[in-house]
Amino acid sequence: MNRRYRKTIIAGNWKMNKTATATKAFAEEFKALLPKSKWCDVVLCVPAVDIAAALRAFKDSRVAIGAQNVHFESSGAYTGEVSAPMLADLGVRYVIVGHSERRALFGETDAIVNRKVRAALGAGLNPIICVGESLEQREMGVTMELIALQVKSALAGVSGEQARRCVIAYEPIWAIGTGKTATGEQAAEVCTFIRATIRSLYGARIARSVTIQYGGSMKPDNAAELLAHEDIDGGLIGGASLQADQLMAIIHAANQN
Ligand code: PGA
């Protein structure tokens, strides 16, 4: 990570876990562990129904709340969906867009991801844009082409100033929830490539200010190694973010670097 130019962000992705009651209990435990000194930015992306409880529980703390999904229209006949202005009005600051689970299980294409990114930015939210290759794609040697396509299409029509508010999360699909982590070198190689792709779109000044995270089985025992790399500016953490002490251990690893 490079703190001079960009934020280090540790973000939890709870996926479809925890009730509002459990959110409150987590917050009490987590807040008791928060260090007093300056630390990296922390975001908790919780299920939509837990957002209100999370905002209440983390009010007056430095933990920002994020959503895990957003619709690309601001209102209308989209039963069951939640829009970016609705999230922003609640006080939500971040939203995960294009997670591989949503791409694979809910049919999110690069075009839909792009519309969601623009909707989030338009409402003042900071999108955490997920990109990543499958094991098959890695073995075929097309990782970089795929990543470039995902990054470029997610950012189509996004201005330079808006791009600075985006976070890119490199999440190799083969490492998500599998216990298999990319090595620091593998993760850094792709994160550096993502920054080069952003540089080709917006220039060096903007590229160096964008936070690029790694995600995929990041845990207390591998976080320090991953976060030691110049272009890895934080993590998007699934499983390990469900336990307050594990998430805090990763935050401590981020603060060490
Ligand atoms: P994991 O999930 O940490 O459980 O692998 C990461 C993610 O899907 O964002």
Side-chain angles (χ1 to χ4, degrees), residues 8-18 22 26 30 40-48 50-51 54 63-70 92-108 113 116-117 120 125-135 137-138 143 146-147 150-151 154 166-184 186-188 190-191 194 211-227 229 232-254:
T8 299
I9 305 176
I10 298 294
N13 172 14
W14 280 1
K15 310 194 179 182
M16 197 173 72
N17 292 292
K18 294 196 193 291
F26 177 95
F30 192 70
C40 65
D41 286 32
V42 178
V43 182
L44 271 186
C45 297
V46 303
D50 296 341
I51 288 172
V63 177
I65 301 305
Q68 299 173 9
N69 185 29
V70 65
V92 168
R93 302 224 345 252
Y94 289 84
V95 60
I96 298 173
V97 178
H99 190 280
S100 60
E101 284 151 16
R102 295 215 56 89
R103 292 180 192 256
L105 304 172
F106 301 97
E108 274 186 24
V113 170
K116 292 186 171 194
V117 167
L125 300 170
N126 305 309
I128 300 175
I129 304 166
C130 300
V131 298
E133 81 288 2
S134 65
L135 186 58
Q137 288 161 334
R138 176 161 279 266
T143 298
L146 179 90
I147 298 290
Q150 289 180 331
V151 170
C166 294
V167 175
I168 312 284
Y170 167 54
E171 297 210 308
I173 297 169
W174 47 271
I176 295 178
T178 57
K180 256 191 227 161
T181 325
T183 63
Q186 280 174 323
V190 179
C191 290
I194 290 171
T211 296
I212 300 176
Q213 299 174 317
Y214 167 79
S217 299
M218 193 186 266
K219 304 252 163 5
D221 61 2
N222 59 27
E225 195 228 324
L226 289 156
L227 295 168
H229 292 268
I232 304 181
D233 309 313
L236 182 57
I237 295 120
S241 74
L242 294 170
Q243 283 170 350
D245 56 343
Q246 290 207 20
L247 184 59
M248 192 54 73
I250 295 173
I251 291 165
H252 280 301

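Quick note: residue numbers are just sequence positions, from 1. Numbering of ligands and ligand atoms starts at 1, following listing order.
- Per-residue contacts place K15 under 4.0 angstrom from the following atoms of ligand 1 (heavy atoms of the residue considered): 2 (O), 7 (C), 8 (O).
- Nearest-residue assignment for atom 6 (C) of ligand 1 (options C130, G238, A240; heavy-atom criterion): G238.
- Below 4.0 Å from some heavy atom of H99 lie the following atoms of ligand 1, by number and element: 7 (C), 8 (O), 9 (O).
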- Apply side chain to side chain contact (heavy atoms under 4.5 Å, CB included) to Q150 and V113, showing your working. CA-CA 9 Å; Q150 289 180 331; V113 170; over 6 Å; no

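- Between H99 and I176, the closest side-chain pair of non-hydrogen atoms falls below 4.5 Å.
- Taking the side chain as every heavy atom from C-beta outward, V46 and K18 never approach each other to under 4.5 Å.
- Residues F26 and L44 meet the side-chain proximity criterion, which asks for heavy atoms closer than 4.5 Å.
- For CZ of R138, the number of neighbouring non-hydrogen atoms (other residues, nucleotides, ligands) closer than 6.0 Å is greater than 12.
- The side-chain heavy atoms of L227 and M218, taken from C-beta on, include a pair separated by under 4.5 Å.
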Determine all donor-acceptor pairs shorter than 3.5 Å in which one atom belongs to a side chain in residues 234-250; sequence neighbours excluded.
unit_1	atom_1	unit_2	atom_2	d
S241	OG	I237	O	3.0
S241	OG	G238	O	2.8
Q243	OE1	Q246	NE2	2.8

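- Of all the atoms in ligand 1, the ones that sit under 4.0 Å from a non-hydrogen atom of G216 are 5 (O).
- Between F106 and E101 the shortest side-chain heavy-atom distance does not fall below 4.5 Å.
- Atoms of ligand 1 lying under 4.0 Å from at least one heavy atom of E171, given by number and element, are 6 (C), 7 (C), 8 (O), 9 (O).
- Atoms of ligand 1 found under 4.0 Å from any heavy atom of G177 (numbered from 1 in listed order, with element): 1 (P), 4 (O), 5 (O).
- Within the listing of ligand 1, atoms 6 (C), 9 (O) sit less than 4.0 angstrom from a heavy atom of L236.
- Counting heavy atoms under 4.0 Å from ligand 1, residue N13 touches it through the side chain alone.
- Counting heavy atoms under 4.0 Å from ligand 1, residue A175 touches it through the backbone alone.
- Listed by atom number, the atoms of ligand 1 under 4.0 Å from G239 heavy atoms are 1 (P), 3 (O), 4 (O).
- Each of the following atoms of ligand 1 lies closer than 4.0 Å to a heavy atom of S217: 1 (P), 3 (O), 5 (O).
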